[in-house]
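Each chain gets a letter, A, B and so on, in the order the sequences are listed, and its residues count up from 1. Since the structure is predicted, the reported quantities are computational estimates derived from the model, not experimental observations. All heavy atoms count here, side chains included; hydrogens, waters and symmetry mates do not.
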Protein chains: 2
Amino acid sequence: MGRPRARRDQVSIPQVARAAGVSTATAGRALGNYGSVSQQAREKVLSAAAELGYQRNDLARAIITGRSDTIGLVVADIENPFFAAAVRGVSDAARAGGFEVLLSNTDEDPDRERSAVDILLAKQVDGLVVAPTAGSTEHLVRAQRSGCPVVLLDRRLENVELDMVLVDNFRASSAVVAHLAQAGHRRIAMVTGGTRASEPAAPGQRGVSTGRDRVEGFLRGMLDAGIPDPQRYLRTAAGTPEQAHAVTTEMLALPEPPTALFASDSRVALGALRAIREAPLRVPEDISLVAFDDADWTGVVTPSVTVVSQPAQALGYRAGEILIGRIAGSEELPRNELMSTVFIERNSVGPPRAW
Amino acid sequence: MGRPRARRDQVSIPQVARAAGVSTATAGRALGNYGSVSQQAREKVLSAAAELGYQRNDLARAIITGRSDTIGLVVADIENPFFAAAVRGVSDAARAGGFEVLLSNTDEDPDRERSAVDILLAKQVDGLVVAPTAGSTEHLVRAQRSGCPVVLLDRRLENVELDMVLVDNFRASSAVVAHLAQAGHRRIAMVTGGTRASEPAAPGQRGVSTGRDRVEGFLRGMLDAGIPDPQRYLRTAAGTPEQAHAVTTEMLALPEPPTALFASDSRVALGALRAIREAPLRVPEDISLVAFDDADWTGVVTPSVTVVSQPAQALGYRAGEILIGRIAGSEELPRNELMSTVFIERNSVGPPRAW
DNA sequence: TTGTAGGCGTTATCAC
DNA sequence: GTGATAACGCCTACAA
């Protein structure tokens with residue numbers, strides 16, 4: 001337990017000023033690099049500060065200036081390699097712009113997201129980068145309106161005037177299906193997660209936009225390929241490797257199993273691949289595989305996995321850049337910035353096996 | 001450019017107080033949940049606050065209380081899955097204790113680490129979790145001495161009185177060699193990174209402790225197995241997948257290539273594995289492989305990889321817990337807390353091939 | 001329970 | 001260029 005611990009006894013500007021034999025104002029100017037100070041005074045102040053071990057207090061400064069030089073970053077789960085890279089990108093942009101990053105994980109829980117935003121706002125972040133989970137958007141709009149700019153990362157939100165940095169998930173997904181159909185597949189499965197791990201994301205229903213867009217792109221691809229009953233092998237309740245594993249195992253046991261499988265991200269692909277291995281089935285002889293996200297391992301498994309590569313780090317960096325522009329006062333109309341995915345063809349797709 | 005943007009016009013406690021017809025102090029008590037306020041007054045204040053859109057300012061509070069309810073987290077690179085998991089652990093512990101997390105990446109650069117610590121200190125973090133890179137330790141000691149407790153994560157530091165949460169890298173490494181020797185291997189390679197990507201970490205020299213300990217554990221294992229010239233296949237300048245790839249390729253081209261390879265982390269393993277694939281060699285028929293870190297993919301490649309699993313997330317969580325204890329006032333002597341690794345035997349180790 | 005007054009460490013203002 | 005002094009928004013006495 002222990003008592004609330006006495007306040008850290010920090011050396012303050014008045015103390016430094018006294019030691020240097022100048023006024024508080026002059027010491028403040030020398031230490032804070034603003035206004036004008038004579039070379040002589042500056043030196044006295046600086047050496048006194050060094051001697052006393054002065055540490056500036058950015059909080060007190062932030063109260064006055066109204067800027068904390070800190071941005072808030074809200075993501076679902078930093079352990080997902082996609083988000084880890086995106087966080088890295090935001091961090092780099094922040095650093096380049098002289099900002100620090102306050103990080104929050106939501107685990108796709110709307111309540112946690114809301115409360116995270118509230119807390120970050122109370123901590124006076126100058127702006128917010130959010131990969132929004134499903135649910136209400138009013139806390140984000142409120143933040144923006146209260147003067148704290150918000151940039152959305154990776155996931156769209158409808159009916160809000162916010163900057164967004166995205167990827168065209170719909171198009172990338174339908175292209176995957178086209179590729180598979182081109183190879184001769186008709187029984188194409190898609191395994192993906194919903195809003196939360198437990199809630200399925202049916203097309204047109206709620207769930208994060210990436211999930212929805214990928215599903216709709218999948219369905220559109222199936223339609224374009226003239227494949228009937230496109231939902232036959234669509235599984236939308238598999239957001240974790242474990243769920244993906246279970247769902248895939250179940251599909252592979254079907255009398256007419258799919259001949260190709262499309263995984264909505266690298267962790268889903270991992271679960272699906274494990275199920276395939278355990279079946280045991282060979283890729284691509286028995287079943288073809290395509291996944292979203294060029295996770296580091298996809299190039300090293302045998303066979304290497306054909307993927308849709310997303311520029312995760314660049315997405316984060318760009319979101320950070322745009323946010324910093326807003327903080328600096330940019331008043332342009334909010335807009336959606338689309339970054340390109342790259343379809344990386346490797347060795348996990350082959351012609352369908354005749355079951 | 002745009003001007004420095006006018007200060008966000010936030011509603012303050014005095015304003016709420018005026019609207020509610022009470023004093024600043026009463027409003028502050030109602031809003032801050034301290035002292036005592038009558039039910040009636042509280043309601044008036046709360047509804048006035050809601051009406052005006054009051055947002056509390058944690059910075060102003062922090063100036064007074066001396067506590068920011070924020071901890072600083074300094075790691076090398078959040079994109080490394082090990083650190084991503086550790087960060088997640090620290091985040092969870094922080095959340096559980098009512099703290100937010102200010103995150104900094106150092107890229108193993110001592111200067112960036114020092115400056116990160118300074119900035120976090122200026123932002124008045126209540127404590128620091130650091131995975132220290134090599135270099136001086138004085139900034140950490142100074143932080144601790146100035147009243148900001150510091151807990152080291154994953155990496156030891158000599159001659160400092162700080163809490164550390166670690167794993168026994170030396171023992172785990174020598175056990176790996178023992179396992180390999182047991183399988184009959186004599187030409188055992190180790191591929192690992194040094195301090196920075198560019199600087200090799202020779203035993204007994206500088207470099208992060210994990211690297212050093214693993215190398216020394218490796219050498220000890222070789223010694224115990226009675227293998228002469230243990231440094232023959234020791235490569236300490238491979239911290240990235242790319243470098244690991246290059247170094248491994250070079251070793252595999254030797255007249256007498258190693259028959260087993262020990263990778264110091266999952267990213268090194270990735271690079272090494274790619275080199276092995278390109279050789280092309282088979283695992284484990286042509287070469288055996290063991291790696292540190294149970295990255296998600298190690299179980300799904302063929303063959304699955306035998307690994308030393310580290311409790312990355314638990315390590316982070318524990319570091320956070322200990323730090324929060326310190327912040328609460330714990331005065332125990334600093335100590336090293338060792339968490340257990342698990343040797344997970346899979347299918348990447350076989351008898352040596354007779355080259 | 002409530003209000004007044006003062007202070008936290010900084011920056012902003014305005015004379016000198 | 002410099003110094004006194006007033007903010008910033010909040011919490012903490014202390015008195016009523």
Value in whole Å for how far the [atom2] atom of [N] lies from [atom1] of [X]:
X	N	atom1	atom2	result
B:I63	D:dC10	CD1	C1'	9 Å
B:R61	D:dC10	CZ	P	9 Å
A:D58	C:dG9	CG	C1'	11 Å
B:N57	C:dT10	CG	C1'	14 Å
B:I13	C:dG7	CD1	P	19 Å
A:L31	C:dT11	CG	P	8 Å
A:Q124	D:dC8	CD	C1'	11 Å
A:R67	C:dT10	CZ	P	19 Å

Q.
Applying salt bridge (charged side-chain N to carboxylate O under 4.0 Å, His left out) to A:D107 and A:R112, what does each step give before you reach the verdict?
A. CA-CA 8 Å; A:D107 285 327; A:R112 280 181 63 174; 3.1 Å; yes
(Q) Using a strict heavy-atom distance below 4.0 Å, which residues from residues 36-44 of chain A are in contact with DNA chain D? (A) A:S36, A:V37, A:S38, A:A41
Q: Take the C1' atoms of the five end pairs on each side of the helix from C:dT1-D:dA16 to C:dC16-D:dG1, derive the two axes, and give their angle rounded to 10 degrees.
A: 30°
Any donor-acceptor pair under 3.5 Å linking the side chain of [X] with the backbone of [Y]?
X	Y	result
B:R326	B:E332	yes
B:E113	B:T133	yes
A:D154	A:A131	no
A:D163	A:R335	yes
B:S91	B:V87	yes
A:T137	A:L140	no
B:K123	A:S68	yes

Sub-3.5 Å pairs of nitrogen or oxygen atoms, protein against nucleotides 3-5 of chain D:
{"unit_1": "D:dG3", "atom_1": "OP2", "unit_2": "A:S23", "atom_2": "N", "d": "3.0"}
{"unit_1": "D:dG3", "atom_1": "OP2", "unit_2": "A:S23", "atom_2": "OG", "d": "3.2"}
{"unit_1": "D:dG3", "atom_1": "OP2", "unit_2": "A:T26", "atom_2": "OG1", "d": "2.6"}
{"unit_1": "D:dG3", "atom_1": "N7", "unit_2": "A:R29", "atom_2": "NH2", "d": "2.7"}
{"unit_1": "D:dG3", "atom_1": "O6", "unit_2": "A:R29", "atom_2": "NH1", "d": "3.2"}

Q. When rounded to the nearest 0.5 angstrom, what is the spacing between CD1 in B:I327 and SG in B:C148?
A. 7.5 Å
Q: Give a yes or no on whether a salt bridge exists between B:E108 and B:R155, defined as a side-chain N under 4.0 angstrom from a carboxylate O.
A: yes
Q. In terms of side-chain geometry, is the basic nitrogen of A:D118 or A:R114 positioned less than 4.0 Å from the acidic oxygen of its partner?
A. no
(Q) With a 4.0 Å limit, can you tell me whether A:Y34 has a side-chain N or O closer than that to the phosphate oxygens OP1/OP2 of C:dT11? (A) yes
